[in-house]
Amino acid sequence: ELPRAFNPSVGYIATANNKSSVRPFGPIDDLPGYWQPWDRAQRIEHMLDSQERWSVNDTMRIQTDGTGVAVPEIVGAVAEVLKDETANLSTLEQDMLKRLRAWDGAHNVDAIEPTIYTYLCDAILDQTVADELGPNNFLVYSTLGDAWSFLRYVVHREDSPFWDNRATADRVETRADIFVAAMHEAVLHVQETHGTNQANWTWGNDHPMTFTHPLGFIPVVGALFNIGPFEASGGAQTINNLLYPHGTFDHKIIAGPSTRRIIDFADPEHSQTVLPTGNSGHWLDPHYRDQAEMFVRGEYRDVALTKEQI
């Protein structure tokens, strides 16, 4: 029987391409497989449960929310292990960890915490499974939702066999060893990408959005067809779902929502929507790119539905 929900007692149905039912799989409580991780659905439910009545503007706030629901548990697990490893961390790495512990998880364009956090998650994933998978398989794995589900799971498992690095035959690494190495690797990659000036570490600088036309890869003239780049908030596991592969240290956006739409069934004539670029596919048309900046800023426009509106 397929998963289903009919008039659930909570009063709403929320989904974000995540597995909608939980069924045991042998000794495993749940196996999400190729479903998307639960993060976005969890955040949607947290927000919906925070108040009883919702307006169109409130719903806009949900659709454009950029808070990572897994931030407290991942940062908390890392910080708990590293509290006894300060001698193995540089002053900068200790400062970055302190900033992450005080962070609310919002992936805002002007903040550096989401940049540090995402590089740290990349480094942990790289340090745990890249040696088992090899570079080619790891690159494929990084594009799957399972990579993030695994990361959320493994940071809490001190006994995981994945902490051991197969390349070091003379020792068996622990979770603390890998977390220390991941902090080193994360800060190194941030500095290699953005320099040592922390003013350049902002999430908007690290997480740009460019809408690339099929002809956009042609040297020189291709740029005429592309739209952007724009500094973007949100992230791969936030409701404002602007994707990049995990574990690659490259957070340029490769995918996102095809549209945002809000329909108030009590007032459908005043529905709201926005497209990532525009209504036209012709690069010289004024409506080719006129919604792009609105989309990135989290803004909406009125929808013309009736003959009178049109």
Side-chain angles (χ1 to χ4, degrees), residues 1-77 104-107 114 121 143-157 233-243 246 255-276 295 298-303 305:
E1 185 179 355
L2 295 175
R4 62 191 181 96
F6 181 76
N7 289 338
S9 59
V10 294
Y12 60 80
I13 296 174
T15 180
N17 298 330
N18 56 293
K19 187 178 179 183
S20 56
S21 65
V22 177
R23 298 177 182 175
F25 186 82
I28 302 174
D29 291 334
D30 189 41
L31 191 67
Y34 290 113
W35 293 95
Q36 287 299 301
W38 292 287
D39 299 54
R40 289 182 291 144
Q42 285 180 313
R43 178 62 178 166
I44 291 170
E45 291 181 356
H46 290 171
M47 296 185 76
L48 289 176
D49 291 341
S50 68
Q51 62 189 70
E52 289 293 324
R53 299 179 64 85
W54 289 86
S55 66
V56 169
N57 287 337
D58 291 330
T59 310
M60 290 178 184
R61 180 165 53 85
I62 292 182
Q63 286 193 344
T64 58
D65 180 77
T67 300
V69 73
V71 168
E73 65 179 67
I74 292 177
V75 172
D104 63 0
H107 288 59
C121 291
T143 66
L144 304 179
D146 183 70
W148 183 256
S149 298
F150 168 79
L151 177 66
R152 285 190 65 174
Y153 168 80
V154 78
V155 293
H156 303 288
R157 292 294 302 270
S233 58
Q237 302 302 336
T238 66
I239 301 176
N240 185 15
N241 191 219
L242 300 175
L243 292 166
H246 294 294
S258 60
T259 182
R260 296 191 183 111
R261 186 180 299 112
I262 299 171
I263 301 174
D264 183 349
F265 286 99
D267 187 21
E269 294 183 7
H270 293 91
S271 299
Q272 298 289 304
T273 190
V274 67
L275 294 173
F295 181 85
E299 298 173 355
Y300 292 75
R301 63 179 182 83
D302 294 330
V303 181
L305 292 178

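Below, all heavy atoms of this structure are taken into account, side chains as well, without hydrogens, waters or symmetry copies. Along the sequence shown, residues are numbered consecutively beginning with 1. All of these numbers come straight from a predicted model, not from anything done at the bench.
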Show me the side-chain donor-acceptor pairs of residues 63-71 shorter than 3.5 Å, one per line, residues at least two apart or across chains.
residue : atom : partner : partner atom : Å
Q63     : OE1  : Y300    : OH           : 2.5
Q63     : NE2  : R261    : O            : 3.0
T64     : OG1  : M60     : O            : 2.9
D65     : OD1  : R43     : NH2          : 3.1
D65     : OD2  : R43     : NE           : 2.9
D65     : OD2  : T67     : N            : 3.2

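- Residue H156 holds its NE2 atom at 9.0 Å from CG of L151, rounded to the nearest 0.5 Å.
- The CH2 atom of W38 lies 15.0 Å from the CD1 atom of I44; values are rounded to the nearest 0.5 Å.
- For the side chain to side chain donor-acceptor pair (under 3.5 Å) test, residues two or more places apart in sequence or in another chain that qualify with H270 are D267.
- Shown here for I239 and I62, the closest heavy-atom pair between the two residues is CG2-O, 3.2 Å.
- Crowding of E52 atom CD: a count of heavy atoms from other residues, nucleotides or ligands under 6.0 Å not exceeding 12.
- Under the side chain to side chain donor-acceptor pair (under 3.5 Å) criterion, D302 pairs with Q272, not counting sequence neighbours.
- Taking each heavy atom of I74 and C121 in turn, the nearest pair found is CG2-SG, 4.2 Å.
- Listed by chain and residue number, V10, A14, E45, L48, D49 satisfy the side-chain contact (heavy atoms from CB on, under 4.5 Å) test with Y12 (two or more places apart in sequence, or in another chain).
- What you find for L242 and S233 is that their closest heavy atoms are CD1-O, 3.3 Å.
- Put simply, the side chain of N241 gets close to the backbone of A236: a donor and an acceptor are under 3.5 Å apart.
- Looking at residues two or more places apart in sequence or on another chain, you find a salt bridge (charged side-chain N to carboxylate O under 4.0 Å, His left out) between E73 and R152.
- The two atoms that bring S50 and M47 nearest to each other are OG-O, 2.5 Å, heavy atoms only.
- For E299, the salt bridge (charged side-chain N to carboxylate O under 4.0 Å, His left out) partners at least two apart in sequence or on another chain are R297.
- No side-chain heavy atom of W35 sits under 4.5 Å from any side-chain heavy atom of S149.
- Pairing each heavy atom of D264 with each of V56, the nearest pair is CB-CG2, 4.0 Å.
- Scanning both residues, A16 and A41, for their nearest heavy atoms gives CB-N, 3.9 Å.
- Here S55 pairs with D58 under the side chain to side chain donor-acceptor pair (under 3.5 Å) rule; sequence neighbours left out.
- Under the side chain to side chain donor-acceptor pair (under 3.5 Å) criterion, R260 pairs with N240, not counting sequence neighbours.
- The salt bridge (charged side-chain N to carboxylate O under 4.0 Å, His left out) search around D104 returns none, not counting sequence neighbours.
- Rounding to the nearest 0.5 angstrom, the gap separating the CZ atom in R157 from the CZ atom in F150 is 10.5 Å.
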